[in-house]
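Comments concern the structure below.
When a residue number appears, it is its place in the shown sequence, counting from 1.
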Amino acid sequence: LVLLRISIGWHFYSEGVDKRDAGNWSAAPFFANAKGPLAENFRSLVWDADGSLRLNRDAMMQEWAIFRDQIGDHYGFDEDQKRLAQQNYAKAVEQYDWVIAENATDLEEFSLGRDRITELETDAQEKEVRDGVASLGGQRDTIRREWTRKAAPALKQIDSIWANYEQTQNGLASQEQ
């Protein structure tokens with residue numbers, strides 16, 4: 001029994017060290033899908049868990065413009081590099097608009113579902129009924145899961161645009177900068 005506990009402990013330790021060393025591990029998916037009485041606390045730990053920032057065009061344009069200006073200031077871009085940075089910004093906005101247009105139907109359903117999710121989680125009478133009946137409590141989780149699936153493809157594409165935008169902007173800097 002002691003050997004079994006030691007071997008299981010060693011397995012968890014080695015997996016944890018591997019994840020830490022990889023540098024790309026995140027607890028965000030675990031927190032975003034949390035269940036139980038502390039679920040909302042865990043979900044609040046995830047940046048933009050519901051996608052409200054990434055699906056807000058004005059907020060995204062502002063974030064990208066701030067990044068463009070910060071990267072230019074950091075590297076000391078000349079006028080030509082600033083012009084290229086602005087072109088990269090315009091391309092990212094164009095790609096963003098395309099993603100939103102392509103996923104418009106699902107995003108509209110996602111937006112309408114946000115009110116339903118809020119009602120399920122905050123309405124005291126609704127919560128009491130669902131928490132009192134196990135099958136209805138599971139229904140709330142099913143509704144949340146289906147709701148998040150509506151926006152997942154668009155959010156993934158927006159995350160890719162963002163990553164590509166950062167990489168492209170950083171790539172404008174010369175070796176001396």
Side-chain angles (χ1 to χ4, degrees), residues 5-67 70-71 92-93 95-96 99-100 102-170:
R5 287 184 178 199
I6 289 173
S7 63
I8 291 172
W10 179 257
H11 173 74
F12 282 127
Y13 172 77
S14 63
E15 288 295 321
V17 169
D18 290 345
K19 287 180 189 293
R20 185 201 66 206
D21 292 345
N24 62 352
W25 183 81
S26 171
F30 298 107
F31 288 155
N33 293 309
K35 296 178 183 167
L38 297 176
E40 199 53 43
N41 293 338
F42 287 119
R43 286 188 199 116
S44 70
L45 296 174
V46 178
W47 174 82
D48 196 29
D50 65 351
S52 58
L53 175 68
R54 288 173 286 174
L55 294 175
N56 180 335
R57 185 179 192 275
D58 293 336
M60 288 301 297
M61 289 178 63
Q62 183 178 8
E63 287 289 324
W64 287 338
I66 290 169
F67 182 77
Q70 287 177 338
I71 207 96
V93 171
Q95 291 171 341
Y96 177 86
V99 167
I100 297 300
E102 281 295 306
N103 296 286
T105 304
D106 285 341
L107 292 176
E108 184 177 352
E109 288 182 40
F110 178 79
S111 180
L112 294 171
R114 179 174 285 133
D115 296 335
R116 177 71 175 135
I117 294 295
T118 302
E119 179 185 331
L120 285 173
E121 294 179 351
T122 58
D123 184 0
Q125 184 178 1
E126 178 83 24
K127 194 171 173 96
E128 183 179 325
V129 169
R130 291 192 184 275
D131 288 344
V133 179
S135 62
L136 293 179
Q139 186 181 34
R140 181 177 47 224
D141 293 336
T142 301
I143 291 169
R144 174 177 276 288
R145 203 171 29 256
E146 290 173 358
W147 173 69
T148 56
R149 284 186 190 142
K150 291 289 183 189
L155 293 175
K156 186 174 182 179
Q157 289 172 320
I158 292 168
D159 289 343
S160 295
I161 292 169
W162 193 319
N164 187 46
Y165 176 69
E166 287 181 1
Q167 185 178 13
T168 306
Q169 294 294 52
N170 280 312

Do Val17 and Arg20 touch side chain to side chain, with heavy atoms closer than 4.5 Å?
yes
Do Tyr165 and Trp162 pass the ring pair (Phe, Tyr, Trp, His ring centres under 6.0 Å) test, and can you show the C-alpha distance, the side-chain angles, and the key distance before you say yes or no?
CA-CA 5 Å; Tyr165 176 69; Trp162 193 319; 8.2 Å; no
Could you check whether any side-chain heavy atom of Trp47 comes within less than 4.5 Å of a side-chain heavy atom of Arg54, counting everything from C-beta outward?
yes
Contact summary for Ile71 and Gln169, nearest pair of heavy atoms
CG2-CB, 4.1 Å
Show your working on side chain to side chain contact (heavy atoms under 4.5 Å, CB included) between Arg57 and Ile100 and close with a plain yes or no.
CA-CA 9 Å; Arg57 185 179 192 275; Ile100 297 300; over 6 Å; no
Which atom of Leu55 lies closest to which atom of Ala151, heavy atoms considered
CD1-CB, 4.4 Å
Interatomic distance, CZ@Phe31 vs CG@Leu38, rounded to 0.5 Å, equals 11.5 Å
Please name the pair of heavy atoms, one in Lys150 and one in Asp106, separated by the smallest distance, quoted to 0.1 Å.
O-CB, 3.3 Å
Is a side-chain N or O of Asn56 found less than 3.5 angstrom from the main chain of Ser52, in a donor-acceptor match?
no
Would you compute the distance between atom CD of Glu166 and atom CG of Asn170 and round it to the nearest 0.5 angstrom?
7.0 Å
Hey, are Gln95 and Asn164 close enough side-chain-wise for a donor-acceptor pair under 3.5 Å?
no
Tell me whether Glu109 at atom CD has more than 12 heavy atoms from other residues, nucleotides or ligands lying less than 6.0 Å away.
yes
Got more than 12 heavy atoms from elsewhere within 6.0 Å of CD, Glu15?
yes
Do Met60 and Ile161 come close enough that some side-chain heavy atom pair is under 4.5 Å?
no
Any chance the rings of Trp64 and Phe67 have centres within less than 6.0 Å?
no
Is there a side-chain contact between Phe110 and Asn103 (heavy atoms, below 4.5 Å)?
no
